[in-house]
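Please read the structure below before turning to the comments.
It should be emphasised that the depicted structure is a prediction, and the values quoted were computed from it without experimental measurement.
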Amino acid sequence: MAVTATMVSSAGGLLAMLNESHPALKLHALSNLNSFVDYFWPEISTSVPIIESLYEDEEFDQRQLAALLVSKVFYYLGELNDSLSYALGAGPLFDVSEDSDYVHTILAKAIDEYASLKTKAAETNDESTKVDSRLEAIVERMLDKCIVDGKHQQAIGMAIECRRLDKLEEAVIKSDNIHATINYCIDVSHSFVNRREYRREVLRLLVKVYQQLPSPDYLSICQRLMFLDEPEGVATILEKLLRSDVEDDALLAFQITFDLVENEHQAFLLSVRDQLPSPKPQLSAAAQSGSSLPDSAQSGNVVPSQDVHMTDGTQESSSSLNLDLHDEVYAARLAKIRGILSGETSIQLTLQFLYSHNKSDLLILKTIKQSVEVRNSVCHSATIYANAIMHAGTTVDTFLRENLDWLSRATNWAKFSATAGLGVIHRGHLQQGRSLMAPYLPQGGTGGGGGSPYSEGGALYALGLIHANHGEGIKQFLRESLQNSNVEVIQHGACLGLGLAALGTADSEIFEDIKNVLYTDSAVAGEAAGISLGLLMVGTASEKAGELLAYAHETQHEKIIRGLSLGIALTVYGREEEADTLIEQMTRDQDPILRYGGMYALALAYRGTANNKAIRQLLHFAVSDVSDDVRRTAVLALGFVLYSDPEQLSIFLILQTPRIVSLLSESYNPHVRYGAALAVGISCAGTGLSEAISLLEPLMSDVVDFVRQGALIAMAMVMVQTSEASDSRVGTFRRQLEKIIVDKHEDTMSKMGAILASGILDAGGRNVTIKLLSKSKHDKITAVVGLAVFSQFWYWYPLIYFISLAFSPTAFIGLNHDLKAPKFEFLSHAKPSLFEYPKPTTVPTTTTSVKLPTAVLSTSARAKARASKKEAEKAFTEKASGVEPSAVVGSGKGKAVEKDGDAMQVDSTAEKKAEPEPYFEILTNPARVVPTQEKYIKFLEESRYIPVKSAPSGFVLLKDLRPHEPEQLSLTDAPSSTASNTGGSSAGQPGSASAMAVDDEPAPPQPFEYTS
């Protein structure tokens, strides 16, 4: 609208009318000024005091209009606080539905102010903090408008920010799709709610809404209850589903349990199991005799071979039995659910999958072994580490059995590590773990009586790795081994093993046993005891952390202080703001080792949250601390704070780590560059993220050897399960690793990094990846803790094995109601080459020496040309007479026919074009499905089985649409592992079944004597 001189003069007249005494004139002036304030606010601003006086005059009827006019003037002047204050005074005249910049700005300011006041009141527990009722009224009007207009996501965002859970509940209930709205609400709470306790309040409300629905989503409810640490609620839901007459409900209960197990929260799972009824022994036997009941002898060890009530460590109590003795179906379901909760079912299935699908390339290990100098103990041990990682969980120790003499060169701690490596290879053999390691375990007494104490300590560590996070059956043996030994090497292995087996259980008796070892003040045993106490108390935020911190100040051993620093950090895992006091105490300590522990405490307390406060603190220490150890760890800790899942979280969080770390990777300090490399490896592990690879590439050619080592390991972590067809840099990286390993002039640190990277790249028989988040967006506790302790290998190489805790199988394993894997086909709608296994390496056909050119006489060349020409003419003649030229070629004793330029083409098949690659692939259950392949997985339309829950990978329960037809099962052959004593060497000797996983031919027979 054009502003004319008449209008300007009329504005001046209106301002003059404000001084009139008659209220009608003032009303006329205010109304017109309010209409033209967008154009004449500079002129009106000169009269703001007069308009303010009208608002303050309580006898003036139109004081709210005066407030609205002043508010608009202050908005244009940029004084938003004053503008909001007068907008509140305008009451209903401030129209929240008005579509103008003024209203939008003031509403945003109002919401920010209201949210700030509510947050401050909640965080300080200060009830005296009062919110202006007028401000609350505006926010409520805005929320109501969003709900009425159907803008439920907008309402949810504002309600969560403003801590109005009543409005949040209203927005969710009134939405068109409640399930989708709740899922959106969960995403928002995990991504943007910084306070852990408030996040729990939001999730508690959502559980309440879920339970009020006519058809509750039990999968989501149980995941939320796990986050809230309410095992009773989960147990109630599971028991209700198990007692249902509908078989689909039982399948749903199994699926819920498998999803909970994926989060690896051992203490919670054991609590759920203890809340369920325990079947009597005779009922279990009767139940297993039925057709639909579990039979461990016929299920390929899918269920534990022992009765569930015997392996879970609980005592039978008649008061806890609430089941009908005649309900055999319920008893069978209950036995299965308890087997899943104990972790044995999923571990057995994973073990069988990794064994049957093992694609390890032993030639890579052979090349590494031949390239490693015998006198280089670091690379010798690194090769053993790489072999264990490469065969993690496969039970295949062929390389060890074939190189016993080479292994026997390991001495002292190298022998400890070599023996412990068997625990990684056989991880998950819960039933046979102890018998497998029997030749190396302490034979009683004080330990060290017969075998090497290093082998015995390594064997106890191996038992912990085998039973990691599932140590119900081995904890007592490890406790006895710890109590009966006073040899510090054996105590070291027993402490690590016990911490792994009892991960997160906070067992008070085990705590006292390990603490007694700590108080002996032995540097070697004390370091392991400190880490073990952290593993035992992980995430408990126990007051005992103060006791450990006090002892760290008393002891003089750096090893013990370092172990305790990490242990204390583990106790505050996931506690976020609850850990701030302890973090502050550690980061301000004069001892750099305790400040170093404070970095880990920050990393683990705020793991995966991308919390701005934690990031700022870590960056501050990364550039300001006087200790290189602290600076390196501060940068490394960023990886834990910023790890994310690219398929689930926003692209911002994925790229945030490279963006922040990119500057640090160019630091002059090599320790900071090393930390930057591992930070990228941890946060982007298993993603194959192009930005992460680009960031690591220059660090692999750094001038400092340990920076190159970190970059190589981190690159392998990022590239694991990424095919060369997806990113050509994968093939380049593999060739670079081989070049570094065979180069005799390469630094030992770089060579060690390349050897470890080779193992990580092909980890678990090329069937595992590194995942820190489950599909339900919960952090995988064991995986995060495993990587945290793994990063300690800077000081203590045996901790390298902790990386195996972060391995997650890249498998789709479909299960029927008996928890067996039926054979059926499904579709991967992508080219097979995109996700195929790496091609196996081949033995070079030529020798490494330079081959000199062979001298060719001119007479020989002419004779050869004449013979070639005659043979071509003969072939042409026979073709003309109807004889196939291939018959002539075939009589040449397998030699290729040589042709000159004028000769005709003899073999017509040579020009046959290769068939184009199909755009899909048919997979058979169980199948390898890598993370980037998941979006291409589809079930066939006429498939006999359909999933209970749509999931492209992991354990998926299947509904059988043709239950009367016979089933063909997979995974029926369990790996056999019968250990035998190999004369004190550091290798186990499983049965020939393990060798068959690699060798195409059966093993030769045992020596025998022939008598006629």
Exercise for review: Can you see which heavy atom on I389 is nearest to which on G759, and at what distance?
Suggested key: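 I389 and G759 have their closest heavy atoms at CG2-O, 3.5 Å.
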Practice item. Please report the shortest heavy-atom distance between H467 and G433, naming the atom on each side. Key: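 Smallest heavy-atom distance, with atoms named: CE1-CA, 4.3 Å.
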Does any donor atom in the side chain of [X] or [Y] lie under 3.5 Å from an acceptor atom in the other side chain?
X    : Y    : result
Y606 : D580 : yes
D521 : T555 : yes
H265 : D229 : no
S750 : D705 : no
T571 : K544 : no
Y600 : T633 : no

Check: [Y] and [X] side chains under 4.5 Å, non-hydrogen atoms:
X    : Y    : answer
L482 : C495 : yes
E576 : R607 : yes
Y797 : S381 : no
I384 : L407 : yes
L549 : Q585 : yes
D625 : R595 : yes
N484 : P442 : no
F790 : L799 : no

Check your understanding: Between the side chain of R673 and the main-chain N/O of Y668, is any donor-acceptor distance below 3.5 Å?
Key ->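 Answer holds: yes.
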Review point. When you measure from the side chain of S522 to the backbone N and O of G526, does any donor-acceptor pair fall under 3.5 Å?
Key: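 No, S522 side chain to G526 backbone: no donor-acceptor pair under 3.5 Å.
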Review point. Do Y643 and F640 have their ring centres less than 6.0 Å from each other?
Key: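 Centroid distance Y643-F640: not below 6.0 Å, so no.
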Practice item. Taking atom CD of E512 as the centre, report whether more than 12 heavy atoms of other residues, nucleotides or ligands fall under 6.0 Å from it. Key: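 Counting other residues, nucleotides and ligands, CD of E512 exceeds 12 neighbours.
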Review point. Is the number of heavy atoms from other residues, nucleotides or ligands within 6.0 Å of CD (E558) greater than 12?
Key: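 No.
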Report the relative orientation of the aromatic rings in [X] and [Y]; use parallel for angles under 30°, tilted for 30 to 60°, perpendicular for over 60°.
X    : Y    : result
H429 : H426 : parallel
F706 : H671 : tilted
Y551 : Y519 : tilted

Practice item. Inspect the contact between E578 and R195 and indicate whether a charged nitrogen and a carboxylate oxygen are less than 4.0 angstrom apart. Key: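 Not counted as a salt bridge, because no side-chain N and carboxylate O are separated by less than 4.0 Å.
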Review point. Is NZ or CZ of R632 both nearer than 6.0 Å to the six-membered ring centre of W794 and within 45° of the ring axis?
Key: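 Flagged: R632 positioned over aromatic ring of W794.
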Exercise for review: Test Y795 against Y596 for ring pair (Phe, Tyr, Trp, His ring centres under 6.0 Å), laying out the working first.
Suggested key: CA-CA 13 Å; Y795 302 100; Y596 155 96; 5.8 Å; yes
Review point. Taking L602 as the fixed residue, which of L638, L618, V641 is the one that meets the side-chain contact (heavy atoms from CB on, under 4.5 Å) rule?
Key: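 That would be L618; it is the only one of L638, L618, V641 passing the side-chain contact (heavy atoms from CB on, under 4.5 Å) with L602.
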**Study point:** The single option from Y440, Y461, W413 passing ring-ring contact (aromatic ring centres under 6.0 Å, His included) against Y454
**Key:**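 For Y454, the ring-ring contact (aromatic ring centres under 6.0 Å, His included) test succeeds with only one of Y440, Y461, W413, which is W413.
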